[in-house]
Asker: 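This is the structure I want to talk about, given as structure tokens.
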Amino acid sequence: MKKKLLALALALTMALSLAACGGSNSSESTDGNSFKVGVIGPLTGDAAIYGTCVANSAQIAVDEINALGGDIQFELMTEDDVNDAETSVNAYNALMDDGMQLLVGTVTTQPALSVVPLSYEDRVFTLTPSASGDDVISINDNDNVFQICFTDSNQGTRSAQYIDENFENPQIAIIYKNDDQYSQGIRDNFVAEAETRCMDIVYEGTFTTANQTDFNVQLAAAQSAGADLLFLPIYYDAASLILTQANAMGYEPKFFGVD
């Protein structure tokens, strides 16, 4: 948390320096004593724990920076995108109408892919703490968009490398969410690296937002295939259900998660 707050503080300072140097940001503050920072993320819905964490952390950083004094104070504005791309675009437009000069967000990847082309066009300094998709910073070769977190490709590749180097001939099963770009992206990179290393993937099971409460079918199939390591490139809520249901059926593989 301290590292994230420091990163945000540095980003705010960088953006303020750019503004002070007369940058061409189209959303110049109408109040000479206020620098407006926008946060876009899921404050409600299934992913709300991530959005509220980012919004609260940003508020702490802004409060601490403002408490130091100075001629310019930061003003934080937040918008809820419920982890939905279209809603996130509407949130971005609302913040721009309110004079946003720096964007912290979006929190998740799919909304970010819809918002960052807009922030690029508007030349708004954009910093995402947790949208980990590789394309977030590569669309249009964005020079105004930065990621604090590691990328999906890094997570998938390094997970396969770690497993290969630390487990002896693991029989691997994967359960991933195939309607989620985050989960799909990590899975794809994991499988690519595993194939390069001739690792044994004996089963793959999928689920979607509509059926993420019962994993008994996937777990039974993984167990039947002889999987002794279960790779879960998914969010914690579904992972916790998988752990509980595996325990209930007496299935005890090694469980390997991501961030």
Side-chain angles (χ1 to χ4, degrees), residues 4 7-8 11 15 26-27 36-59 61 76-156 176-189 207-210 212 233-238 258-259:
K4 290 185 177 180
L8 176 58
S26 62
S27 54
K36 297 185 176 182
V37 179
V39 174
I40 300 176
L43 305 179
T44 59
D46 292 342
I49 191 170
Y50 303 104
T52 53
C53 180
V54 169
N56 291 340
S57 299
Q59 187 64 63
L76 191 69
M77 307 179 295
T78 60
E79 288 284 339
D80 183 8
D81 69 3
V82 298
N83 194 26
D84 175 75
E86 183 177 352
T87 304
S88 198
V89 168
N90 294 335
Y92 173 82
N93 290 331
L95 289 172
M96 289 298 291
D97 289 342
D98 289 337
M100 176 176 64
Q101 294 163 277
L102 181 150
L103 172 61
V104 177
T106 65
V107 170
T108 51
T109 294
Q110 198 61 47
L113 295 176
S114 296
V115 167
V116 294
L118 303 178
S119 73
Y120 175 79
E121 182 177 348
D122 292 331
R123 308 308 297 149
V124 175
F125 188 99
T126 300
L127 179 74
T128 174
S130 51
S132 55
D134 292 66
D135 292 341
V136 169
I137 57 174
S138 64
I139 299 176
N140 300 325
D141 294 322
N142 292 327
D143 58 357
N144 66 307
V145 181
F146 298 85
Q147 288 171 311
I148 290 178
C149 58
F150 30 60
T151 61
D152 295 345
S153 61
N154 177 269
Q155 292 191 72
Y176 67 99
K177 189 176 182 181
N178 63 355
D179 64 348
D180 177 65
Q181 185 161 356
Y182 163 78
S183 185
Q184 182 78 55
I186 296 177
R187 175 267 171 199
D188 291 349
N189 284 278
F207 65 96
T208 66
T209 301
Q212 57 182 355
I234 57 180
Y235 286 131
Y236 77 94
D237 48 356
V258 285
D259 66 326

Asker: Identify which one of Asp97, Thr106, Thr126, Asp122 satisfies the side-chain hydrogen bond (donor to acceptor under 3.5 Å, both in side chains) criterion when paired with Tyr92.
Answerer: Asp122
Asker: What is the distance from atom CG of Asp81 to atom OG1 of Thr108, rounded to the nearest 0.5 Å?
Answerer: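 The CG atom of Asp81 sits 5.5 Å away from the OG1 atom of Thr108.
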Asker: Specify the closest pair of heavy atoms between Ser119 and Asn144, including all atoms of both residues, with the distance to one decimal.
Answerer: O-ND2, 3.2 Å
Asker: Determine whether a donor-acceptor pair (N or O, by modelled atom type, separation under 3.5 Å) exists between the side chain of Asp80 and the backbone of Leu43.
Answerer: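 Yes; at least one donor-acceptor contact below 3.5 Å.
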Asker: Compare every heavy atom of Pro129 with every heavy atom of Val104, then report the nearest pair and how far apart it is.
Answerer: CG1-CD, 4.3 Å
Asker: Describe, in one word, how the ring planes of Tyr235 and Tyr50 are oriented to each other, choosing from parallel (under 30°), tilted (30 to 60°) and perpendicular (over 60°).
Answerer: tilted
Asker: Sub-3.5 Å donor-acceptor pair from the side chain of Gln59 to the main-chain atoms of Leu76, do we have one?
Answerer: no
Asker: Verify salt bridge (charged side-chain N to carboxylate O under 4.0 Å, His left out) between Arg187 and Asp152, making sure each step is shown before the conclusion.
Answerer: CA-CA 9 Å; Arg187 175 267 171 199; Asp152 295 345; over 6 Å; no
Asker: Would you find a donor on one side and an acceptor on the other, under 3.5 Å apart, between the side chain of Thr128 and the backbone of Gln147?
Answerer: no
Asker: Heavy-atom distance under 4.5 Å between the side chains of Val54 and Ser57, does that happen here?
Answerer: no
Asker: Please confirm whether the backbone N or O of Val107 pairs with a side-chain atom of Ser130, one donor and one acceptor, at under 3.5 Å?
Answerer: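 Present.
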Asker: For Val82, does its backbone N or O pair with a side-chain atom of Thr87 as donor and acceptor, under 3.5 Å?
Answerer: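 The answer is no, because no donor-acceptor pair under 3.5 Å joins these two groups.
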Asker: Taking atom types as modelled, is there a side-chain donor on Tyr176 or Asp188 under 3.5 Å from an acceptor on the other?
Answerer: no
Asker: Quick one: are Pro111 and Asn83 in side-chain contact, heavy atoms under 4.5 Å?
Answerer: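 Pro111 vs Asn83: side chains touch.
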Asker: Please find the pair of heavy atoms, one from Val136 and one from Val116, that lie closest to each other, and give the distance.
Answerer: O-CG2, 3.7 Å
Asker: Would a distance-only check, ignoring hydrogens and angles, find a side-chain to backbone donor-acceptor pair under 3.5 Å from Ser132 to Phe150?
Answerer: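 Checking the backbone N and O of Phe150 against the side chain of Ser132, no donor-acceptor pair under 3.5 Å is found.
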Asker: How close do Glu79 and Ala94 get, heavy atom to heavy atom, and via which atoms?
Answerer: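 Heavy-atom minimum between the residues: OE2-CB, 4.0 Å.
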Asker: Please round to the nearest 0.5 Å and tell me the distance separating atom OG1 of Thr151 and atom CG of Asn189.
Answerer: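 Thr151 atom OG1 to Asn189 atom CG measures 7.5 Å (nearest 0.5 Å).
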Asker: Just to verify, which of Ile40, Val124, Val37 counts as forming a side chain to side chain contact (heavy atoms under 4.5 Å, CB included) with Leu95?
Answerer: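 For Leu95, the side chain to side chain contact (heavy atoms under 4.5 Å, CB included) check succeeds only for Ile40.
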Asker: Would you say CG of Asp179 has more than 12 non-hydrogen atoms from neighbouring residues, nucleotides or ligands within 6.0 angstrom?
Answerer: yes
Asker: With rounding to the nearest 0.5 Å, note down the distance linking CG in Asn154 to CD1 in Ile186.
Answerer: 9.5 Å
Asker: Can you find a heavy atom in the side chain of Asp135 that is under 4.5 Å from one in the side chain of Gln181?
Answerer: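 Yes, their side chains come closer than 4.5 Å.
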Asker: Please answer whether the main-chain N or O of Lys36 pairs with a side-chain N or O of Gln101 as donor and acceptor at a distance below 3.5 Å.
Answerer: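 Flag set: sc Gln101 to bb Lys36 pair under 3.5 Å.
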Asker: Just wondering, do Gln212 and Asp46 contact through their side chains at under 4.5 Å, heavy atoms?
Answerer: yes
Asker: As an exercise, state the distance from OH of Tyr120 to CG of Asp143, rounded to the nearest 0.5 Å.
Answerer: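 Answer rounded to 0.5 Å: 5.5 Å.
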Asker: For the pair Val145 and Ile137, evaluate side-chain contact (heavy atoms from CB on, under 4.5 Å) and give the outcome as yes or no after the intermediate values.
Answerer: CA-CA 6 Å; Val145 181; Ile137 57 174; 4.1 Å; yes
